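Just so it is clear, the model here is predicted, and its values are computed rather than measured.
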Amino acid sequence: MNRKVADRIATIVFYLIAAVLVVVLAALLGYSVYQGFPQISREFITSPPNIFAEGGGIGPQLFNSFYLMVLSMLMATPVALGAGIYLAEYAKKNVWTEWIRALIEMLASLPSIVIGIFIFLTFVVHMGWGFSILSGAVALAIFNMPLLVQVVEESVRSVPKQQKQAGLALGVSRWETIAHIVLPAALPEIVTGMILGAGRVFGEAGALIYTAGMSSPNLDFANWNPFSPSSPLNPMRPAETLAVHIWKVNGESIVPDAEAISSGATLLLILSIFICNISARIIGAFVYRRLTSSSK
């Protein structure tokens, strides 16, 4: 077999694999839209779920998902930035740094439910936090942190060495070079990675079953006092998220329209993650154009 024939065969195989992936994703998305779109309405998105009667919504669960995502990113982002900058700019090649990278990779490979059980035993039970938004945010931050550290490290490493050397040659300190030259150049990739990481934790369910809980109290969205039990911003209240609600509806709900609720909630979850992914590309491209004055 000559090289041209082998190249054609390989090209056809790769195109077929790509086509299969596209067809599978399109079928899953089409099925979700077909089943869930008739259930989408303003009442469904804003009203609370019903325990026994049909016609409930997913308003609190949708809010809890976004609230948990924001809190977890606020916890994980500073640590990920510090760790990524350290590994990319300060860490020397030795046994210590190799162990750090090995531990980060090991943490990234842990199932989310293992992290959830650890947070359950440590924070929910031992520290007395109970099933709460704060416990869930800690679990999601730990779950997402290895990915964010790798994103920051690779983004900082991708900055050309000439830019760093130019700053140092002008007499700028190492930290000032990182803060004013390296980070602005790496910011578009960092922002994109952070938004993709946020979308990743938005659909998480395993860790939240044992930390944030599978229930949500009656919320008063006119009460924004974070110390009030009925306030949506209270970090110590239990918070069933959209992904956990889908699992609960399919597993143990007794409402007559459980299948319709599950289909509508699934479509909203897919759309939310899709919006996160599209936003990552748009915001990343916008930041890149602003920082580089590029017209592309």
Side-chain angles (χ1 to χ4, degrees), residues 21-49 57-77 80 112 133 136-137 139-141 143-145 147-148 150-152 155 187-208 212 216 219 221 232-233 239-250 260-291 296:
L21 290 175
V22 170
V23 169
V24 171
L25 291 175
L28 290 174
L29 182 60
Y31 178 79
S32 299
V33 172
Y34 175 76
Q35 293 289 331
F37 187 76
Q39 316 305 325
I40 304 299
S41 64
R42 181 179 179 182
E43 290 75 17
F44 181 75
I45 296 175
T46 58
S47 61
I58 45 85
Q61 286 72 23
L62 188 60
F63 175 83
N64 292 338
S65 298
F66 281 105
Y67 190 25
L68 269 166
M69 180 185 70
V70 171
L71 283 183
S72 67
M73 293 302 295
L74 289 176
M75 293 179 183
T77 299
S112 62
I133 290 178
L140 291 180
F143 171 70
N144 206 30
M145 202 175 298
L147 172 65
L148 300 183
Q150 293 171 346
V151 166
V152 174
S155 301
L187 190 60
E189 294 183 15
I190 293 175
V191 171
T192 301
M194 293 294 177
I195 298 176
L196 291 174
R200 179 171 178 250
V201 301
F202 188 88
E204 179 56 38
L208 297 178
S216 185
L219 301 179
F221 284 92
L233 297 182
E240 181 186 40
T241 62
L242 196 57
V244 174
H245 185 65
I246 294 171
W247 175 84
K248 184 178 177 180
V249 167
N250 283 289
I261 294 173
S262 175
S263 300
T266 300
L267 179 58
L268 283 176
L269 181 63
I270 293 174
L271 291 177
S272 300
I273 297 174
F274 179 75
I275 290 172
C276 284
N277 293 338
I278 295 299
S279 299
R281 296 181 179 272
I282 295 174
I283 296 175
F286 173 77
V287 172
Y288 176 79
R289 287 196 300 268
R290 290 296 300 270
L291 293 177
K296 295 181 180 180

Of all the heavy-atom pairs spanning [X] and [Y], show the shortest one and how long it is.
X	Y	result
L71	A137	CB-CB, 3.8 Å
G203	L269	CA-CD1, 4.0 Å
G193	L148	O-CD2, 4.1 Å
T241	S65	CB-OG, 3.4 Å
P232	I133	O-CD1, 4.3 Å
S72	L140	CB-CB, 3.6 Å

Can you sort out the partners of [X] under side-chain hydrogen bond (donor to acceptor under 3.5 Å, both in side chains), two or more places apart, ordered by chain and number?
X	answer
S216	N64
T77	none
S112	E204

Pairs where residues 30-39 contributes a residue and the test side-chain hydrogen bond (donor to acceptor under 3.5 Å, both in side chains) is met, not counting sequence neighbours: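 Of all non-adjacent pairs touching residues 30-39, none passes side-chain hydrogen bond (donor to acceptor under 3.5 Å, both in side chains).
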What distance do [X] atom [atom1] and [Y] atom [atom2] have between them, rounded to the nearest 0.5 Å?
X	Y	atom1	atom2	answer
E240	W247	CD	CH2	9.5 Å
M69	N144	CE	CG	11.0 Å
T46	F63	OG1	CZ	14.0 Å
I273	I278	CD1	CD1	13.0 Å
R200	M194	CZ	CE	13.0 Å
T192	L187	OG1	CG	9.0 Å

Partners meeting side chain to side chain contact (heavy atoms under 4.5 Å, CB included) with L268 (sequence neighbours left out):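 L268 satisfies side chain to side chain contact (heavy atoms under 4.5 Å, CB included) with I40, F44, I45, I58, L242 once adjacent residues are dropped.
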Qualifying residues under side chain to side chain contact (heavy atoms under 4.5 Å, CB included), relative to I275, sequence neighbours excluded: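 Checked I275 against side chain to side chain contact (heavy atoms under 4.5 Å, CB included); matches are S279.
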Audit row: Q61, I246, side chain to side chain contact (heavy atoms under 4.5 Å, CB included) steps and yes/no: CA-CA 10 Å; Q61 286 72 23; I246 294 171; over 6 Å; no
Any P60 side-chain heavy atom under 4.5 Å of P49 side chain: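 Yes, close enough: below the 4.5 Å cut-off.
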Atom CZ of F274 with >12 non-hydrogen neighbours under 6.0 angstrom: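 12 or below, so no.
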